[in-house]
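To start, the structure under review is shown below, and the notes come after it.
Numbered from 1 within each chain, the chains take letters A, B, ... in sequence-line order.
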2 protein chains.
Amino acid sequence: MEVLTQAEENYLKAVFKITENDDKAASTNAIAAMMSTSAASVTDMLKRLAGKGLLHYEKHRGVVLSERGGELATNLVRKHRLWEVFLVKMLDFSWDKVHDIAEQLEHVQSDELVERLDGFLDRPQFDPHGDPIPDANGKMAMRKQILLSSLDPKDQAVLVGVQESTNTFLQYLDKLKLSLGTKLQVVERFEYDGSMKIVLIGGEEITLSHKVCENLFVQKTK
Amino acid sequence: MEVLTQAEENYLKAVFKITENDDKAASTNAIAAMMSTSAASVTDMLKRLAGKGLLHYEKHRGVVLSERGGELATNLVRKHRLWEVFLVKMLDFSWDKVHDIAEQLEHVQSDELVERLDGFLDRPQFDPHGDPIPDANGKMAMRKQILLSSLDPKDQAVLVGVQESTNTFLQYLDKLKLSLGTKLQVVERFEYDGSMKIVLIGGEEITLSHKVCENLFVQKTK
DNA sequence: TTTCATTTTTAGGCTTGCCTAAAAAACTGT
DNA sequence: ACAGTTTTTTAGGCAAGCCTAAAAATGAAA
Ligand SMILES: [Mn+2]
Ligand SMILES: [Mn+2]
Ligand SMILES: [Mn+2]
Ligand SMILES: [Mn+2]
């Protein structure tokens, strides 16, 4: 089992995230942007990771993870999300504080630690932001979730995830009393700017901008 | 609050451990031995740490931690031992498996994490090897413990700590059914080689070599 | 006090991971 | 097709943290 540096692991995870949705190769610039580093540094590292067989690199063509690289990246995501669950469930952190800490904890090397942590937490399927946690074999639960912005008036739904999980967005949701599991109903849609008026079941009526509605995943309940 | 690299933190901890018992300066060679590295690398790093004001360095004279260096080292020891408690108490690791993992976890940077972990674990005073855990102010509980080797026949005592915590020693103790909290009584001392016959209260009679007796801390109960 | 072994430091070199500036390649629009 | 723009790579350099070999300082013994 190859041992990677934290820098190598972070690059793998960046490539994984960029390529996981659309199946195009990850570009040097996209990786540089995600890692807040220079394109030159990225090219440097991509060559090294390609040399270790963790990704396929062709000059000017971007990169795709190899099978092994994908496994390693998936395991990192698993560790990251498990630690986030630990921090929120056991240590009572709020969901906007856990990412940076998990970013460090994910690099701790010990398969037994991950396995025991997973058991201790009761093998959670989703992290505090609603993202699926890969199991020990790399499989993750798929959930048929849609964007809040795609709902119509009268639709009822439950909030199951956030697309973006920046601190400011999460804190804004807290202020609105919106958290995972919150049930809501659409009252009205304003076509002019795409904003929506919704009512929290057993709570207040609030208006959300289009941007917010595009960043909330829900499941329809009616 | 200065941020140190893992390497810098490990050097600080090594100096701390070497100087904590006797109050002489830590020698380059002693540090090199503890860190399994070359004396040249140690000299290199000592200069850098001295430059950051974390220790006092005089050529050919060894080093002593500065006040700030001592605070940082103590906090590292605190984190290391808290994580060990977590691994044993919450994740059910055996006491011989936790050191290497804690060696990584201790470097995670987040004061809030340490504080919450401490609370979650109910502010433990001792780690799984019986070593005291410094509190948030760096104070640690002092315990009047003595070496098993200093007991006389008929003395009763309880095992509260181990001097050495190598894997092989800890596993040997497991095999003997000796763990922290075990009550015992001295049956006989063999002056010839310093070995001792003891009886575990409610258990068997065993004979321990002098080396083992010199590595076990006990408190007399009678 | 001088010699010799041990300890420590210096010198020089290597890898990793980053940087900026410049060159090269790839796209875009006309 | 070619000029201009954008993206990517190359070149050269730097700091951290390690190494080995050689030099210098220290301390113990004769
Ligand atoms: Mn990370
Ligand atoms: Mn998350
Ligand atoms: Mn460490
Ligand atoms: Mn310990």
Side-chain angles (χ1 to χ4, degrees), chain A residues 2-19 22 24-65 69 72-73 76 103-104 106-107 109, chain B residues 2-19 22 24-65 69 72-73 76 103-104 106-107 109:
Chain A
E2 57 276 74
V3 174
L4 303 184
T5 64
Q6 297 203 3
E8 289 171 328
E9 289 192 334
N10 286 333
Y11 275 96
L12 276 191
K13 220 177 48 162
V15 175
F16 181 83
K17 282 190 178 170
I18 292 168
T19 52
D22 43 55
K24 292 174 302 191
S27 76
T28 301
N29 264 2
I31 298 167
M34 178 158 296
M35 315 249 327
S36 308
T37 189
S38 71
S41 301
V42 172
T43 302
D44 231 42
M45 180 61 94
L46 293 182
K47 286 181 185 167
R48 258 177 284 153
L49 291 173
K52 295 190 177 192
L54 300 177
L55 47 78
H56 304 292
Y57 169 67
E58 271 184 293
K59 269 189 194 176
H60 298 104
R61 229 129 274 261
V63 290
V64 189
L65 292 180
L72 291 170
L76 271 171
E103 205 59 47
Q104 300 177 65
E106 72 189 0
H107 301 292
Q109 305 277 358
Chain B
E2 56 275 75
V3 172
L4 303 185
T5 64
Q6 297 203 4
E8 289 171 327
E9 290 191 334
N10 286 334
Y11 275 95
L12 277 191
K13 221 178 44 163
V15 175
F16 180 83
K17 282 189 179 171
I18 291 168
T19 51
D22 42 57
K24 291 173 304 191
S27 75
T28 302
N29 264 2
I31 298 167
M34 177 159 295
M35 315 249 329
S36 307
T37 189
S38 72
S41 301
V42 173
T43 300
D44 230 43
M45 180 61 95
L46 292 183
K47 285 181 187 170
R48 256 176 287 153
L49 291 174
K52 295 190 178 193
L54 301 176
L55 46 78
H56 303 291
Y57 169 67
E58 272 184 291
K59 271 190 192 175
H60 299 104
R61 227 126 277 256
V63 290
V64 189
L65 293 181
L72 291 170
L76 270 171
E103 205 59 46
Q104 300 177 64
E106 72 189 2
H107 301 291
Q109 306 277 358

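- For the pair B:Tyr11 and D:dC18, the criterion of a side-chain N or O lying under 4.0 Å from OP1 or OP2 is met.
- Comparing B:Thr37 and B:Lys52 by the nucleotide of DNA chain D that holds the closest heavy atom to each, the one mapping nearer the 5' end is B:Lys52.
- Between A:Asn29 and D:dT8 there is a side-chain polar atom (N or O) within less than 4.0 angstrom of OP1 or OP2.
- Phosphate contact (OP1/OP2 of C:dT9, side-chain N/O of B:Tyr57, threshold under 4.0 Å): present.
- Here C:dT10 presents its C1' atom at 14 Å from CG of B:Leu46, a figure rounded to the nearest Å.
- Proximity of B:Ser27 to the phosphate of C:dT7: no side-chain N or O atom is located under 4.0 Å from OP1 or OP2.
- Residue contacts shown for A:Ala39 include a base, since a base heavy atom lies under 4.0 Å away.
- Comparing C:dG17, D:dG17, C:dA25 by their nearest atom to the side chain of B:Asp44 picks out D:dG17.
- Of the candidate nucleotides C:dA21, D:dC19, D:dC18, D:dC18 has the atom lying nearest to any side-chain atom of B:Ala7.
- A close approach under 4.0 Å does occur between a side-chain nitrogen or oxygen of B:Thr5 and OP1 or OP2 of D:dG17.
- Rounded to an integer number of Å, the gap from CD of A:Glu58 to P of C:dA25 is 15 Å.
- Comparing atom distances between the B:Ala40 side chain and each of D:dT20, C:dT20, C:dT8 picks out D:dT20 as nearest.
- Remark: A:Ser41 is not in phosphate contact with C:dC18, judged by side-chain N or O atoms under 4.0 Å from OP1 or OP2.
- For the pair B:Arg48 and D:dA16, the criterion of a side-chain N or O lying under 4.0 Å from OP1 or OP2 is not met.
- In this model, the phosphate group of C:dT20 is not approached by any side-chain N or O of A:Ser38 to a distance below 4.0 Å at OP1 or OP2.
- When each of C:dA26, C:dT9, D:dG17 is scored by its nearest atom to the side-chain atoms of B:Thr28, the top-ranked nucleotide is C:dT9.
- Map A:Lys59 and B:Lys47 each onto its nearest nucleotide of DNA chain C; the residue landing nearer the 5' end is B:Lys47.
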